J.: 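The structure that follows is given in the form of structure tokens.
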Amino acid sequence: MSESSGTGNGPQRPSQSRLAAGANTPMAKTVALVVLALIIGIVMINIVGDGGSTAKTAATTTTPPTTNAVTNTTQTTTATKHNSTTTTVKKTNTTVPPSQLKLIVVNSGAPAGSGGNVSTALKGRGYTNQTPTVKVTWSQSGLTVHCQTGFDAERTALVNALTGIPNYTAKAAAFKSEPGVPSTMQCYVAIGAA
């Protein structure tokens, strides 16, 4: 038996044209897609940071505090993704605890003893760092909380702490330098005629 014709009983080798046609099989396409996915994955891992964002810049600016107890911090982060830019600004304020807030209650036209009553109520709510209550020569109606610039959170907390004072609803106002209010005060509460 002669095997010179190459048509024996054994396995036959595919011709070159059949090998070239095999490159279009689903298996070859799958392998190519897996390799491409791996390459993209490696590139993305190198681009994206540990936090999952593509942050290009981050800057922190600290504004000098108005007093030693207040710190204003602004943090700006810029992220770029798919040709669009998102900027996030995060502002945090460190507030002065009620027991450390420099405060005075002044009587600006209310009946005698009203300033002492408000002062006592605030001490019961934690505002213990108070200068003794005084009667002032200027008048103002109602119950008003005045705080220095940068003490917005403290002013809001004081207004909330004054809830329940009989015959009055506390309101907030800008700080005004008035006779009888020491310049060292961070906030003052004026109680006038209802």
Side-chain angles (χ1 to χ4, degrees), residues 51-53 55-80 84-194:
S53 68
K56 297 292 181 189
T57 60
T60 301
T61 306
T62 302
T63 307
T66 307
T67 66
N68 291 338
V70 177
T71 303
N72 294 320
T73 304
T74 304
Q75 181 178 8
T76 305
T77 304
T78 304
T80 304
S84 66
T85 301
T86 303
T87 301
T88 304
V89 177
K90 182 180 178 184
K91 185 174 184 178
T92 58
N93 291 329
T94 304
T95 58
V96 178
S99 62
Q100 295 176 11
L101 186 68
K102 294 177 185 174
L103 174 67
I104 187 171
V105 176
V106 298
N107 186 331
S108 62
S114 297
N117 292 339
V118 171
S119 177
T120 301
L122 286 173
K123 284 179 183 173
R125 292 174 174 119
Y127 292 91
T128 55
N129 189 19
Q130 293 185 37
T131 297
T133 302
V134 296
K135 179 152 180 63
V136 292
T137 56
W138 48 274
S139 65
Q140 179 177 325
S141 64
L143 182 61
T144 310
V145 177
H146 301 268
C147 290
Q148 299 268 6
T149 303
F151 289 88
D152 297 337
E154 290 78 5
R155 182 174 45 225
T156 301
L158 269 168
V159 168
N160 291 335
L162 290 167
T163 301
I165 301 293
N167 303 320
Y168 289 95
T169 300
K171 61 185 182 233
F175 191 91
K176 295 187 288 186
S177 294
E178 295 282 8
V181 177
S183 61
T184 57
M185 292 296 106
Q186 294 167 326
C187 295
Y188 68 94
V189 177
I191 183 166

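Computed from a predicted structure; not experimentally measured.
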J.: So, Gln148 side chain and Met185 main chain: donor-acceptor pair closer than 3.5 Å or not?
T.: yes

J.: Hey, mind stepping through Leu122 and Gln130 against side chain to side chain contact (heavy atoms under 4.5 Å, CB included) and telling me if it holds?
T.: CA-CA 9 Å; Leu122 286 173; Gln130 293 185 37; 3.6 Å; yes

J.: Return yes if some donor-acceptor pair links the side-chain N/O of Gln140 with the main-chain N/O of Gly192 below 3.5 Å, else return no.
T.: no

J.: Quick test of your reading: applying disulfide (SG to SG under 2.5 Å), list the pairs with at least one residue in residues 124-186, sequence neighbours left out, ordered by first then second residue.
T.: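 Output for this query lists Cys147-Cys187.
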
J.: Enumerate the ring pair (Phe, Tyr, Trp, His ring centres under 6.0 Å) contacts for residues 103-136, please, sequence neighbours excluded, ordered by first and then second residue.
T.: none

J.: Taking all atoms of both residues into account, what is the closest heavy-atom pair of Ala194 and Tyr168, and its distance?
T.: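 Heavy-atom minimum between the residues: N-OH, 3.7 Å.
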
J.: To the nearest 0.5 Å, what is the distance between CG on Asn160 and CZ on Arg125?
T.: 10.5 Å

J.: Answer yes or no: is there a side-chain heavy-atom contact under 4.5 Å between Leu158 and Arg155?
T.: no

J.: Going from OG on Ser114 to NZ on Lys135, what distance comes out if it is rounded to the nearest 0.5 angstrom?
T.: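 One finds 9.0 Å between OG of Ser114 and NZ of Lys135.
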
J.: What are the two closest non-hydrogen atoms of Leu162 and Ile165, and how far apart are they?
T.: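 The pair with the smallest heavy-atom distance is O-CG1, 3.0 Å.
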
J.: Considering only residues two or more places apart or on different chains, which pairs with a residue in residues 174-194 satisfy ring pair (Phe, Tyr, Trp, His ring centres under 6.0 Å)?
T.: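 Those involving residues 174-194 are His146-Tyr188, Phe175-Tyr188.
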
J.: Name the residue from Thr169, Val145, Thr144, Val189 that meets the side chain to side chain contact (heavy atoms under 4.5 Å, CB included) definition with Val159.
T.: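 Among Thr169, Val145, Thr144, Val189, the one that satisfies the side chain to side chain contact (heavy atoms under 4.5 Å, CB included) with Val159 is Val145.
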
J.: Report yes or no: does Asn129 contribute a side-chain atom to a donor-acceptor pair with the main-chain N or O of Gln100 at less than 3.5 Å?
T.: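 Answer holds: yes.
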
J.: Are Val106 and Val134 packed together at the side-chain level, in the sense that at least one heavy-atom pair is separated by less than 4.5 angstrom?
T.: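 SC-SC contact between Val106 and Val134 confirmed.
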
J.: With side chains defined as the heavy atoms from C-beta onward, is the minimum distance between Phe151 and Leu101 less than 4.5 Å?
T.: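 Contact flag for Phe151/Leu101 side chains = yes.
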
J.: Quickly, which of Leu103, Val105, Ile104 forms a side chain to side chain contact (heavy atoms under 4.5 Å, CB included) with Ser119? Name it, please.
T.: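 Among Leu103, Val105, Ile104, the one meeting side chain to side chain contact (heavy atoms under 4.5 Å, CB included) with Ser119 is Val105.
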
